[in-house]
Every structure is written in structure tokens, then in C-alpha cells.
Amino acid sequence: MAGRGVLVQNLGNSVKKISDAKSSSWWYNHHMRAASRAIFHRIPLVDIVLEVRDARMPISSEYGQLRYFPSSSRNIIVLNKMDLADHSKTKEWMTYFMEQNYIPYAINSHNKDNIKEFLNFIQARVRDIRRATHSSNTLTTTVLLVGIPNVGKSALANSLHQIGRISAAEKGKLKHAIVSPHPGETKNITGLKIGSNPNIYILDTPGILPPEIVDAELASKFALTGAISDHLIDQLDLARYFLSILNSSNEYQKWAKFSTINDYMPELDKRDNQVMNDHTQDFVVEAVRRALFLNGSAFKGKIEDEKDMEELIETQFSTMRKVFNLTSDSCRDADSIVAAKLINLYRTGRLGHYTLDSLPRTTRS
């Protein structure tokens, strides 16, 4: 947690206050409690459980209820959003889970080829289960998706459904699960067909948060990856937390190609202010990367020192106000806009790929 202890503590405390407020209309409300009970009773009845985790936090995004059930060949850990995580770290996590006798699978639910491969994997698991239990091919297989909010369960269910129906050459209107960038949108358990001969149905479920969070860093990770609704969190704290992660990594060093010390964003003055405000434009993203690279390269302090880290982050905010052409009279208003843009660029993978969980130091027995 180099140089970001105070940031984590502040952000984590704000999340913990929300989780501690039992009257909260969003955190573990009656819908989530009811769904949690329904899922708990459904788990022993299905053929396969896909525990969807966020590849950026393979341990932190664990679905707690599965601890009450013995691990088996029917339980699969799906590391979704692998395109947003550090690729080399994901490989290490896959190896770790296999060494712990889990069945892991890394996936990008928006990649059709990846989904086809995963569907083939599921169908192979179904065939293995049928052979082991001497089940008839006429029986329907049910696959249960579980996970915390915003790990991409509904997107995965829809992608499997679409590919499965196309592969089976079935016609008719497709039934979709609701997919939203906001956590907590799925309210009910929804069944979608993903295979024929034998019939396979996938059950999409609401994301379930733990009733309370006592660890500040876990709370911070939940907030940054969007497992917790943004309107509950101070976006400035969230963006500062992200910048502390970026500054502690080597991601910004990969952007050296976008800049030299003598070539500092000359084209920005030629752009229309309205266009510059669109942070999704490729040239704006490149300008952001360039500025962050220059800030990081010019930094002479110690990343491990919280005061030095804080000064670097404030410098980065000041630079971002210029990059986005923000001229608000209120510095805080401008910084709030900067924060929202930085968080969006992080969550879409345009400011690097980060794995937030550290691999446990274990040796293979």
C-alpha cells in the first residue's frame, strides 16, 4: 500500500459508514437480502456454479456464500474483465487457483471468440458430469451465475445466450438479461438458454454484497471497480486512489512514446474546447497519457512517502485541468470533472491494466 495508506483509509471509511448504516436504501437492502436467500437455496440444486469474479481483484471479489458449500468439479471460478487486468498477473492467478484445486477460467465477456471457447468448455463440463452420473441426454442442465455487483454476470449470460442460440441455429426473439454499467440493476433470477442437445440453461442472478465491510482496502477496491454505486462515494477520493495505484505501477512508463520533454501537448491549443471536453476521443486520451507520463517522469519524491504521493497527485490534477480545458472558477468543481473522467478512463482500460489484489505467498505442496 505504498504511499496511499491515508487515501485508502479515507475512502474505506466512507464505504464502511454506508455499509454500517443498516437503514441504507442501497446497501444490502431487502431486495439483496431476499435474492441472497434465494441464491443460497438454489446453489445445491443446480448442475454447475459459475462464480464470476473481477479479474482485477480475484480474491477480493469472491462470492462469500460459496464458502458454505464444499468446492467441487461443478464449481468454476470465472475471472471476467480480463481485458482490464494485468495479463501476466491473470496468468499467475490462474496458476494459483489451479494449485488450490479450483477450476479457473479467464474471460472477456465482450469477446465473441473468447465466449465461443468458454461455451465449448461449459458443454464439455456438462458431458463429463452426465457421464459421471449416468444422466440421460434428454435432461436439462442448469448453470448458476453468482457474484458481487458489477463483475459482468449479465453481460456474460447474454453473450453465452447469443452464441449458444446462433450455434444451435435456433430462431426467434432473443431474451436478454439487463446489462447496466451501474451495480445492482439485476433484481431477479433470470433463465437464458445457451445450448441444445442437451439443453443447457444459465441462471443470471443479482449481485450480492457482503452485509458489511470491515477492511478499508477491500472497500476501496469495491468502490474503484464499480461494485458500489458511484453516487455513494466521493469521486475525488476515488480518483486520487486510482492515481496512487497508477503512480505505484510501471504503467505510465509505457506511455513514453506519446511524449518527449520538449514536446508538451502542442496540438491541444488547436482543438475546440467542446471537443477537448470529450475525454473519450483518442487524441484526448493520448494527451492524458502524455501528461501523466511527464508528471511521473518529473517526480523526484518517494512513492512510499504519503506526503510526496499527495503532492504528485495534486500536480496531476492541476495538469488534467489544463488537458481537459477546464476553466471553472471553482477548483473543486473542476477537479470533480477531472475525477469523473479519470475514473471512466480507468474503468474502460484506457489508462492501463491493473490487478489490485496481490498474489498470496504460497508454495506448491
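Because the structure is a prediction, the values reported are computed rather than measured.
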Search all heavy atoms of Ile76 against all heavy atoms of Phe121 and return the closest pair with its distance.
-> CD1-CE2, 3.7 Å

Hey, is the main chain of Met32 close enough, under 3.5 Å, to the side chain of Ser36 for a donor-acceptor pair?
-> no

Provide the closest heavy-atom pair for Ala223 versus Val15 in the form atom of the first, atom of the second, distance.
-> CB-CG2, 4.3 Å

Please assess Tyr201 against Thr140 for the test side chain to side chain contact (heavy atoms under 4.5 Å, CB included), listing each intermediate value before the final yes or no.
-> CA-CA 7 Å; Tyr201 282 84; Thr140 294; 3.5 Å; yes

Is there a donor-acceptor pair closer than 3.5 Å between any side-chain N or O of Asn13 and the backbone N or O of Gln9?
-> yes

For the side chain of Asn199 and the backbone of Thr141, is there at least one donor-acceptor N/O pair under 3.5 Å apart?
-> no

Please say whether more than 12 non-hydrogen atoms of neighbouring residues, nucleotides or ligands are located less than 6.0 Å from NZ in Lys254.
-> yes

Interatomic distance, Ile200 atom CD1 to Ile48 atom CD1 [nearest 0.5 angstrom] | 7.0 Å

Keeping the roles fixed (side chain from Asp234, backbone from Leu11), state whether a donor-acceptor pair exists under 3.5 Å.
-> no

Are Met82 and Ile148 connected in a single hydrophobic cluster, I mean Ile/Leu/Val/Met/Phe/Trp/Tyr linked by side-chain heavy atoms less than 4.5 Å apart?
-> no

Does the side chain to side chain contact (heavy atoms under 4.5 Å, CB included) test come out yes or no for Ile115 and Leu156, once each step is laid out?
-> CA-CA 8 Å; Ile115 291 297; Leu156 177 58; 3.7 Å; yes

Would you mind telling me which of Gln316, Gln235, Glu314 makes a side-chain hydrogen bond (donor to acceptor under 3.5 Å, both in side chains) with Arg240?
-> Glu314

Whether Tyr102 and Phe97 hold their rings parallel, tilted or perpendicular, with breakpoints at 30° and 60° = perpendicular

N-O pairing of Asp333 and Arg321 below 4.0 Å | no

Residue pair Ile107 / Leu79, side-chain heavy-atom distance below 4.5 Å = no

Determine the interplanar angle of the Tyr96 and Trp93 rings, folded into 0 to 90°, and report it as parallel if under 30°, tilted if 30 to 60°, perpendicular if over 60°.
-> perpendicular

Going through the checks in order, is the side chain to side chain contact (heavy atoms under 4.5 Å, CB included) test met by Val285 and Gln281?
-> CA-CA 6 Å; Val285 176; Gln281 295 280 344; over 6 Å; no

Which value, rounded to the nearest 0.5 Å, describes the distance between Arg125 atom CZ and Leu50 atom CG?
-> 11.0 Å

Are Val338 and Phe283 grouped together when hydrophobic residues (ILVMFWY) are joined by side-chain heavy atoms under 4.5 angstrom apart?
-> yes

Are Arg53 and Glu62 close enough, and set up right, to give a side chain to side chain contact (heavy atoms under 4.5 Å, CB included), and what steps lead you there?
-> CA-CA 6 Å; Arg53 301 191 187 184; Glu62 176 189 13; 3.6 Å; yes

In terms of the angle between their ring planes, are Phe40 and Tyr68 parallel, tilted or perpendicular, with boundaries placed at 30° and 60°?
-> perpendicular

Residues Arg347, Asp230: salt bridge by 4.0 Å N-O rule = yes

Single-linkage hydrophobic cluster, 4.5 Å side-chain cutoff, Ile343 and Ile233 together | yes

What about Ile43 and Leu209, same hydrophobic cluster or not, with Ile/Leu/Val/Met/Phe/Trp/Tyr joined at side-chain heavy-atom distances under 4.5 Å?
-> yes

Could you tell me whether the side chains of Thr190 and Asp204 share a donor-acceptor contact shorter than 3.5 Å?
-> no

How far apart are the C-alpha atoms of Ser60 and Asp357, what are their side-chain angles, what is the distance that settles it, and do they pass the side-chain hydrogen bond (donor to acceptor under 3.5 Å, both in side chains) test?
-> CA-CA 7 Å; Ser60 297; Asp357 284 349; 2.7 Å; yes

Using only heavy-atom distances, determine whether the side chains of Gln65 and Tyr63 contain a donor-acceptor pair under 3.5 Å.
-> yes

Atom pair CG/OH of Leu224 and Tyr241 - distance to nearest 0.5 Å = 6.0 Å

So, Asn108 side chain and Lys81 main chain: donor-acceptor pair closer than 3.5 Å or not?
-> no

How long is the span from the OG atom in Ser297 to the CD atom in Gln253, to the nearest 0.5 Å?
-> 7.5 Å

So, does Arg350 use its side chain to make a donor-acceptor pair with the main chain of Thr280 at under 3.5 Å?
-> yes

Of all residues at least two apart in sequence or in a different chain, which pass the side chain to side chain contact (heavy atoms under 4.5 Å, CB included) check with Lys302?
-> Glu304, Asp305, Asp308

Can you check whether Asp86's main-chain N or O pairs, donor with acceptor, with Thr355's side chain at less than 3.5 Å?
-> yes

Just jot down the ring-ring contact (aromatic ring centres under 6.0 Å, His included) partners of Phe242, sequence neighbours excluded, or say none.
-> Tyr346, Tyr354

What do the steps show when you test Thr205 against Arg42 for side-chain hydrogen bond (donor to acceptor under 3.5 Å, both in side chains), and what is the final call?
-> CA-CA 11 Å; Thr205 66; Arg42 188 71 65 94; over 6 Å; no

Roughly how far apart are Ile202 CD1 and Leu160 CG, rounded to 0.5 Å?
-> 5.0 Å

Do the side chains of Tyr105 and Leu84 join up, straight or via other hydrophobic residues, at under 4.5 Å, putting them in one cluster?
-> no

Hey, are Arg56 and Ser61 close enough side-chain-wise for a donor-acceptor pair under 3.5 Å?
-> no

Taking Glu251 for the side chain and His353 for the main chain, is one N or O donor matched with an acceptor at less than 3.5 Å?
-> yes

To the nearest 0.5 angstrom, please state how far the CE atom of Met309 sits from the CG atom of Leu7.
-> 7.5 Å

Is the shortest side-chain N to carboxylate O distance from Arg289 to Glu286 below 4.0 Å?
-> no

Would you say Ser248's side chain and Ile245's backbone share a donor-acceptor pair under 3.5 angstrom?
-> no

Would you say the side-chain atoms of His161 pair up with the backbone N or O of Lys193, donor to acceptor, closer than 3.5 Å?
-> yes

